[in-house]
Amino acid sequence: MTAALVLASNRGPVSFGEDGSVRRGGGGLVSALNTTGAEATWVCAALSDADRRAARAGKAPAGVRMLDIDPVTFERAYNAVANSTLWFVSHLLFDTASTPSFGERSRREWEAYSAYDDAFAAALAEEAAPGASVLVQDYHLSLTPRQLRERRPDLRIGHFSHTPWAPPEYFRLLPDAVATDVLTGLLGADAVGFHSPRWADAFARCCVEVLGATYAGGGISYEGRHTSVDVHPLGVDGDELRGRGSSPDVEAKLASVRELVGDRQLLLRIDRTELSKNIVRGLEAYRELLRRFPEHRERVVHLAFAYPSRHDLPEYREYTGAVQRVAREVNEEFAKPGWLPVHLEVKDDYARSLAAMRLADVVVVNPLRDGMNLVAKEAPVLSERGVGLVLSREAGAADDLGADALLVNPYDVSQTAEAMHAALTTDARERAARSRRLATAATAFPPSRWLSEQLAAL
Ligand code: F6P
């Protein structure tokens, strides 16, 4: 049976364990889908050998099509192109004195990426009913909209980028043919969406400067087609999150977080350990806070949850090492009997994260760049007494939360330390009032609205 709504993303809503057990992923998209009531099919990639075995054995649950893409193609498409190239471009992460350097190997990797995106397009063409809406997610699948349109011109195709978009002068460091492929790939969609007007504007400028396309009427016109360029910020579903945040597994974690913190203030950060999350500078800012504002010594505990991410990439493994090193240095410099300034936790524990967000006095979200950043939105919603938010101005979330957060330049460690100080010393009533306004802003665009607006735009 074909579906009237089809989603495509690299990481799907389920994964398989080595023993064949199914794990269901949470996340905004899954819950948003549940609220539409639409008959949706989700096309995703098998990400591990266990997934590939399950995909081959037809074990994916109803409504999920998991693509068994051969591991070499997957590795080149996911690690080399999507994560090491396109992610680095959109987050401006290259150390350009030495990287990137595109040679023969990059051409092979690009061919693999193209084949991988085409496998998605082929599957989507099979799964979509006549005239169906297809929503393609993220930088892993930037060629898929055009590849799908060539197969199925009857479809309404949307593409959404959850990342920032690079300005043209940075985007152009991609080889010309690749830059053109990425842009024309996305322009195969009827509508492309971004979390922030800043990213939408950067995309439009890339189309104008790299392709010579026209940007007018809220969209790009290129080679006889028009693609609308839209902004759909994603927020959180307040009721659902508060319900999840008071479930038994979270309640069970509250005591251990309270025990760690004692009667001190809790300064919290929660990130996947990605280079763009800027965890090292965040810890350096905390060190500067303790050096310059000694009144916080022994009066604050910094819980830093830095969960594993993309460990196949050496840069990520090295970055995890750097995070651990700085945390150790801060503890060596300041620890006293009965007070450990930083507790760094690298083992993923969602219930503990929610418990910590309920109790935090200040949350630090200081990415170098971020498409949106949902931790910044979840923390005020879950906070029991009100939370101060130190937020990078380079996160998409700054558009929605900027009025009541303490905005920082993520490269400015001293400014971040000062913002931490200001947040820790804000009067409790003022902090609670700001936190309530942050929670209102954070829940203004729940996933259901994010999804329905995109479908309406198609
Ligand atoms: O956070 C941005 C994002 O692009 C998500 O949209 C996407 O699910 C994720 O990063 C990809 O991460 P991973 O490589 O772990 O699947």
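Every number for a ligand or one of its atoms is a count from 1 in the order of the listing. Just so we're clear, the structure is a prediction, and the values are computed from it rather than from any experiment.
Of the charged side-chain nitrogens involved, none lies within less than 4.0 Å of a carboxylate oxygen, so that Arg281 and Asp412 do not count as a salt-bridged pair.
Proximity of the aromatic rings of Phe171 and Trp165 is defined here by a centroid distance below 6.0 angstrom, and this criterion is met. Centroid-to-centroid, the aromatic rings of Trp87 and His91 come within less than 6.0 Å. Between Phe194 and His162, the gap from one ring centroid to the other reaches at least 6.0 Å.
Side chain of Ser392 to main chain of Pro367: a donor-acceptor pair is present (N/O by atom type, distance under 3.5 Å, no hydrogens or angles). Side-chain atoms of Ser247 never come within 3.5 Å of backbone atoms of Asp249 as a donor-acceptor pair (strictly under, hydrogens ignored).
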Write none if no such pair exists; otherwise list each N/O atom of ligand 1 with its protein N/O partner under 3.5 Å and the distance.
{"from": "ligand 1", "atom 1": "4 (O)", "to": "Asp138", "atom 2": "OD2", "distance (Å)": "3.0"}
{"from": "ligand 1", "atom 1": "6 (O)", "to": "Asp138", "atom 2": "OD2", "distance (Å)": "2.5"}
{"from": "ligand 1", "atom 1": "12 (O)", "to": "Arg272", "atom 2": "NH2", "distance (Å)": "2.9"}
{"from": "ligand 1", "atom 1": "12 (O)", "to": "Arg310", "atom 2": "NH2", "distance (Å)": "3.0"}
{"from": "ligand 1", "atom 1": "14 (O)", "to": "Tyr78", "atom 2": "OH", "distance (Å)": "2.4"}
{"from": "ligand 1", "atom 1": "14 (O)", "to": "Arg310", "atom 2": "NE", "distance (Å)": "2.9"}
{"from": "ligand 1", "atom 1": "14 (O)", "to": "Arg310", "atom 2": "NH2", "distance (Å)": "3.4"}
{"from": "ligand 1", "atom 1": "15 (O)", "to": "Arg11", "atom 2": "NH2", "distance (Å)": "3.2"}
{"from": "ligand 1", "atom 1": "15 (O)", "to": "Arg272", "atom 2": "NH1", "distance (Å)": "2.8"}
{"from": "ligand 1", "atom 1": "16 (O)", "to": "Arg11", "atom 2": "NE", "distance (Å)": "2.7"}
{"from": "ligand 1", "atom 1": "16 (O)", "to": "Arg11", "atom 2": "NH2", "distance (Å)": "3.2"}

